[in-house]
Asker: 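Following this message is one structure expressed as structure tokens.
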Amino acid sequence: MTTSPPVTFVRAGWNDPRVVALRAAMDAEVAPRYVDVPRGEGPPPVDVADVVATVLALAGDDPVGTAALKRTGAYAEVKRVFVAPAGRNRRLGARLLAAVEQVAREAGYTEVHLQTGYLQPDAHRLYEREGWRPVAPFGPYEKDTVISRCYAKSLTPLLVAAALPPVTDTDAAIASLRALDAAGVDLALLDDDYLAGAVDAPTIAAAAASRTARIALVPRVRVTHTEPFHVAKVVQTLDWTSGGRAGWLVGVSLSDAEAAAFGRRTAPDAAEAWAEARDVVDVARRLWDSWEDDAEIRDVATGRFVDKEKIHYVDFEGERFSVKGPSIVPRSPQGQVPVVVEVNGADDDPALAVAVQDADLVRVHAGTDLHDAVTRVRAALEAAGRPDVPVLADLDVTALAAAEPPAPHAAHPGERLAGVLAGWRTATGADGVVLTGAVADVEAAALVAAQVQPEPPEPEDPAPAVGPTLRDRLGLPRPASRYATQPEQETAR
């Protein structure tokens with residue numbers, strides 16, 4: 001019985017004769033399918049200087065497959081995936097894709113794209129089987145909606161958030177959050193409205209904490225008319241009830257009607273409100289640190305509940321308020337709850353300074369100039385020495401579902417959403433997405449599942465809070481309290 005020689009994968013040049021011969025064989029096999037198809041102006045020829053790497057599959061010494069990765073503008077494009085007849089039925093196509101994807105990871109890419117033709121269903125099946133998503137034609141193929149079939153794939157997990165509008169029905173809100181949780185969405189941004197009879201966002205988050213397992217709960221808490229001490233306490237308490245899945249979406253109030261409802265002050269302008277918000281974030285973080293992690297001793301024998309030496313005054317004195325402290329809540333699971341600030345990306349946005357200096361996560365909600373807005377935010381973060389702060393950008397799910405399909409193969413809303421998310425980082429420059437619009441619907445949540453979590457777990461009733469903390473999800477270490485006594489350094493000998 002004759003056995004096939006083992007296949008090895010090696011790096012080769014784009015113009016290596018073995019690679020050139022395989023591409024010629026590919027052209028001879030594929031070109032006849034399109035002989036009667038009118039063709040417009042095709043993409044420019046490959047510039048060897050743009051080729052990142054070419055992979056060659058060898059069965060013994062015989063070349064049996066090839067694939068390459070090249071730079072196509074902002075895109076990392078996989079090119080010329082081909083397996084010769086002698087190498088077929090050995091999953092070489094999938095293995096070549098995996099090899100090129102690894103090249104892309106090593107080169108620092110988080111997404112890869114590719115283009116094929118509409119008369120190559122075998123290629124479509126291969127890409128879709130290997131986790132590639134149909135996307136609209138990109139780069140040099142964007143005007144070709146007839147022949148081109150384009151795909152994209154995320155190489156690292158995409159951070160997915162969902163924005164929920166103010167709600168008046170707590171049960172319906174919790175049902176939506178459970179559906180998003182089951183779909184694998186990472187965090188929910190919960191809004192509220194002082195004057196519309198909505199249930200306030202921290203209350204919704206607290207009610208959902210014991211009924212969800214993984215999703216982080218990030219209520220908007222406006223600071224303009226609420227005492228900073230109470231803001232810090234509410235967020236810290238949510239961190240306890242959710243098992244470390246809390247965040248805080250910082251908000252301000254600029255409405256005369258809201259100011260009148262509280263009756264404490266007139267509405268500030270945006271610059272003043274956001275300057276005050278920076279102070280509130282500062283004092284909240286101090287309060288979250290005011291108890292050291294081991295301040296609770298719970299010593300029944302002596303009747304001592306806390307070690308008073310490990311609970312600290314924060315003694316904050318600002319231009320607008322002062323807070324003595326300490327907090328009345330012990331230090332919570334995350335130590336410091338992640339702070340989220342949303343901006344429109346404009347240089348004159350007063351929220352931008354707070355986001356750049358103080359946010360652990362930035363949300364960009366600009367309109368059509370989303371990529372430009374994200375680019376400006378990233379530049380500001382870089383200038384502030386904080387380039388690693390994740391940036392999320394808004395995507396209106398309702399508008400996406402209603403839009404004209406970019407191509408017949410992406411006509412289903414679920415496919416289009418998955419495709420957009422697969423190419424999201426290249427298209428926007430963001431680290432993740434905030435799904436807006438009809439994201440509270442169970443159906444919309446289900447559309448996310450295939451992209452962010454291929455096999456979402458069945459939710460339990462009630463679901464325990466067992467997921468990772470929001471800090472874990474953002475790649476942030478748990479910091480020590482700023483007031484903790486630091487061990488003395490050993491004297492160098």
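Only this structure's heavy atoms are used, side chains among them; waters, hydrogens and symmetry mates stay out.
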Asker: Please tell me if the side chains of Ser154 and Leu421 come closer than 4.5 Å, counting only heavy atoms from C-beta onward.
Answerer: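 No, side chains not in contact.
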
Asker: Using the rule given for salt bridge (charged side-chain N to carboxylate O under 4.0 Å, His left out), can you reason through Glu111 versus Arg425, listing the C-alpha separation, both sets of side-chain angles and the distance that settles it, and then say yes or no?
Answerer: CA-CA 7 Å; Glu111 294 173 345; Arg425 279 171 285 215; 3.6 Å; yes

Asker: Take Arg80 and Thr54 through the test side chain to side chain donor-acceptor pair (under 3.5 Å) and record every step on the way to the result.
Answerer: CA-CA 10 Å; Arg80 306 300 292 240; Thr54 302; over 6 Å; no

Asker: Tell me, please, which residues at least two apart from Asp431 pass side chain to side chain donor-acceptor pair (under 3.5 Å).
Answerer: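 Result, side chain to side chain donor-acceptor pair (under 3.5 Å) vs Asp431: Arg378.
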
Asker: Grab the two heavy atoms, one from Val343 and one from Ala355, that are nearest each other, plus how far apart they are.
Answerer: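 Closest approach of Val343 to Ala355, heavy atoms only: CG1-CB, 3.7 Å.
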
Asker: Applying side chain to side chain donor-acceptor pair (under 3.5 Å) as the test, list every pair that has at least one member in residues 383-395; sequence neighbours left out.
Answerer: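 Checked against side chain to side chain donor-acceptor pair (under 3.5 Å) - neighbours excluded - the pairs reaching residues 383-395 are Arg363-Asp394.
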
Asker: Do Gln115 and Tyr151 get their side chains close enough for a donor-acceptor pair, meaning under 3.5 Å?
Answerer: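 Checked: Gln115/Tyr151 side chains show no N/O donor-acceptor pair below 3.5 Å.
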
Asker: Is the backbone of Ile215 close enough, under 3.5 Å, to the side chain of Asp181 for a donor and an acceptor to pair up by distance?
Answerer: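 Yes, Asp181 side chain to Ile215 backbone: donor-acceptor pair under 3.5 Å.
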
Asker: Taking the side chain as C-beta and beyond, is there a heavy-atom pair between Leu395 and Val434 under 4.5 Å?
Answerer: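 Counting from C-beta outward, Leu395 and Val434 never come under 4.5 Å.
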
Asker: Compare all side-chain heavy atoms of Pro390 with those of Leu361 and state whether any distance is below 4.5 angstrom.
Answerer: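 Sidechains of Leu361 and Pro390: in contact.
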
Asker: Verify the distance criterion only: is there a donor paired with an acceptor across the side chains of Gln120 and Tyr34 at less than 3.5 Å?
Answerer: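 Note: Gln120 and Tyr34 side chains meet the donor-acceptor criterion.
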
Asker: Which residues satisfy the side chain to side chain donor-acceptor pair (under 3.5 Å) test with Ser332, sequence neighbours excluded?
Answerer: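 Result, side chain to side chain donor-acceptor pair (under 3.5 Å) vs Ser332: Asp239.
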
Asker: Heavy atoms only: give me the nearest Ala209-Thr241 pair and the separation to one decimal.
Answerer: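 That closest heavy-atom pairing would be CB-O, 3.6 Å.
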
Asker: Kindly say whether Pro477 contributes a backbone atom to a donor-acceptor pair with the side chain of Arg471 at under 3.5 angstrom?
Answerer: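 Looks like yes, one N/O pair under 3.5 Å.
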
Asker: For the side chain of Thr66 and the backbone of Val55, is there at least one donor-acceptor N/O pair under 3.5 Å apart?
Answerer: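 Such a contact is found between Thr66 side chain and Val55 backbone.
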
Asker: For the side chain of Arg222 and the backbone of Gly251, is there at least one donor-acceptor N/O pair under 3.5 Å apart?
Answerer: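 Absent.
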
Asker: So does Arg320 pair up with Asp279, basic N to acidic O under 4.0 Å?
Answerer: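 Salt bridge: yes.
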
Asker: Among Arg286, Arg285, Arg278, which residue satisfies the salt bridge (Lys or Arg N to Asp or Glu O under 4.0 Å) criterion with Asp282?
Answerer: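 Result for salt bridge (Lys or Arg N to Asp or Glu O under 4.0 Å) with Asp282: Arg286.
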
Asker: Of all the heavy-atom pairs spanning Ala152 and Ala422, show the shortest one and how long it is.
Answerer: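 Taking every non-hydrogen atom into account, O-CB, 3.7 Å.
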
Asker: Does the side chain of Phe82 reach to within under 4.5 Å of the side chain of Leu96, using non-hydrogen atoms?
Answerer: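 Phe82 does not reach Leu96 side chain to side chain.
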
Asker: Look up atom CG in Leu180 and atom OG1 in Thr212, then write down how far apart they are to the nearest 0.5 Å.
Answerer: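 Reported to 0.5 Å precision, the distance equals 10.5 Å.
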
Asker: Please examine the side chains of Pro338 and Leu474, heavy atoms only from C-beta on, and report whether any two atoms are closer than 4.5 Å.
Answerer: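 Of all side-chain heavy-atom pairs linking Pro338 with Leu474, at least one is under 4.5 Å.
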
Asker: For side chain to side chain donor-acceptor pair (under 3.5 Å), just list the numbers for Asp200 and Thr203, CA-CA rounded to whole Å, side-chain angles, deciding distance to a tenth of an Å, and then say yes or no.
Answerer: CA-CA 6 Å; Asp200 70 284; Thr203 299; 2.7 Å; yes

Asker: Using the salt bridge (charged side-chain N to carboxylate O under 4.0 Å, His left out) rule, take Arg133 and Glu128 through it: C-alpha gap first, then chi angles, then the decisive distance, then the call.
Answerer: CA-CA 6 Å; Arg133 304 290 185 183; Glu128 292 168 14; over 6 Å; no

Asker: Is the shortest side-chain N to carboxylate O distance from Arg129 to Asp122 below 4.0 Å?
Answerer: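 Not counted as a salt bridge, because no side-chain N and carboxylate O are separated by less than 4.0 Å.
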
Asker: Test your reading of the model: is there a side-chain donor-acceptor pair from Ser242 to the backbone of Leu238, 3.5 Å cut-off?
Answerer: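 Judged by distance alone, yes, a pair lies under 3.5 Å.
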
Asker: Run the ring-ring contact (aromatic ring centres under 6.0 Å, His included) test against Tyr141 and tell me which residues pass, sequence neighbours left out.
Answerer: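 For Tyr141 the ring-ring contact (aromatic ring centres under 6.0 Å, His included) partners, ignoring immediate neighbours, are Phe138.
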
Asker: Ignoring hydrogens, what is the shortest heavy-atom contact between Gln334 and Leu470? Give both atom names and the distance.
Answerer: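 Reported closest heavy-atom pair: OE1-N, 3.2 Å.
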
Asker: Flag the pair Val389 / Asp360 as yes when at least one side-chain heavy-atom distance between them is below 4.5 Å, and no otherwise.
Answerer: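 The answer is no; the side chains never approach within 4.5 Å.
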
Asker: I'd like to check the side-chain contact (heavy atoms from CB on, under 4.5 Å) partners of Val329; sequence neighbours left out, ordered by chain and number.
Answerer: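 Per chain and number, Val329 pairs via side-chain contact (heavy atoms from CB on, under 4.5 Å) with Lys233, Gln236, Thr237, Trp240, Ser327.
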
Asker: Determine yes or no for a side-chain-to-main-chain donor-acceptor pair under 3.5 angstrom, with Tyr75 supplying the side chain and Val112 the backbone.
Answerer: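 Not at all, since once roles are kept as given, no pair shorter than 3.5 Å links the two residues.
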
Asker: So does Arg478 get a backbone contact from the side chain of Gln336, meaning a donor-acceptor N/O pair under 3.5 Å?
Answerer: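 Checked: no pair found.
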
Asker: Do any N or O atoms from the side chain of Asp191 and from the backbone of Leu164 form a donor-acceptor pair under 3.5 angstrom?
Answerer: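 Side chain of Asp191 to backbone of Leu164, a donor-acceptor pair under 3.5 Å: no, none is there.
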
Asker: Using a 3.5 Å distance criterion without hydrogens, assess whether the side chain of Asp144 forms a donor-acceptor pair with backbone atoms of Ser148.
Answerer: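 Yes; at least one donor-acceptor contact below 3.5 Å.
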
Asker: Would you please name every residue forming a side chain to side chain donor-acceptor pair (under 3.5 Å) with Arg88, sequence neighbours left out?
Answerer: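 Arg88 satisfies side chain to side chain donor-acceptor pair (under 3.5 Å) with Glu29 only.
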
Asker: How would you list, by chain and number, every residue that makes a side-chain contact (heavy atoms from CB on, under 4.5 Å) with Asp47, sequence neighbours excluded?
Answerer: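 Result, side-chain contact (heavy atoms from CB on, under 4.5 Å) vs Asp47: Ala49, Asp50.
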
Asker: If I take atom CZ from residue Phe9 and atom CZ from residue Arg95, how far apart are they, to the nearest 0.5 angstrom?
Answerer: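 Reported to 0.5 Å precision, the distance equals 4.0 Å.
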
Asker: Please list all pairs passing the ring pair (Phe, Tyr, Trp, His ring centres under 6.0 Å) test where one or both residues lie in residues 158-191, with sequence neighbours left out.
Answerer: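 Found none.
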
Asker: Who passes side-chain contact (heavy atoms from CB on, under 4.5 Å) against Pro268, sequence neighbours left out?
Answerer: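 side-chain contact (heavy atoms from CB on, under 4.5 Å) check on Pro268 returns Thr224, Arg265, Glu272, Ala273.
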
Asker: With sequence neighbours left out, what residues match Asp396 under side chain to side chain donor-acceptor pair (under 3.5 Å)?
Answerer: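 None.
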
Asker: Please enumerate all residues that pass side-chain contact (heavy atoms from CB on, under 4.5 Å) together with Ala277, with sequence neighbours excluded.
Answerer: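 Testing Ala277 for side-chain contact (heavy atoms from CB on, under 4.5 Å), a comparison that skips the adjacent residues, returns Val223, Val250, Val252, Trp274.
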
Asker: Would you list the pairs meeting ring pair (Phe, Tyr, Trp, His ring centres under 6.0 Å) in which at least one residue belongs to residues 241-265, sequence neighbours left out?
Answerer: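 Those involving residues 241-265 are Tyr194-Phe262, His225-Phe262.
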
Asker: Are any of the side-chain heavy atoms of Tyr127 and Lys153 separated by less than 4.5 Å?
Answerer: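 In short, these two side chains do not touch, never coming nearer than 4.5 Å.
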
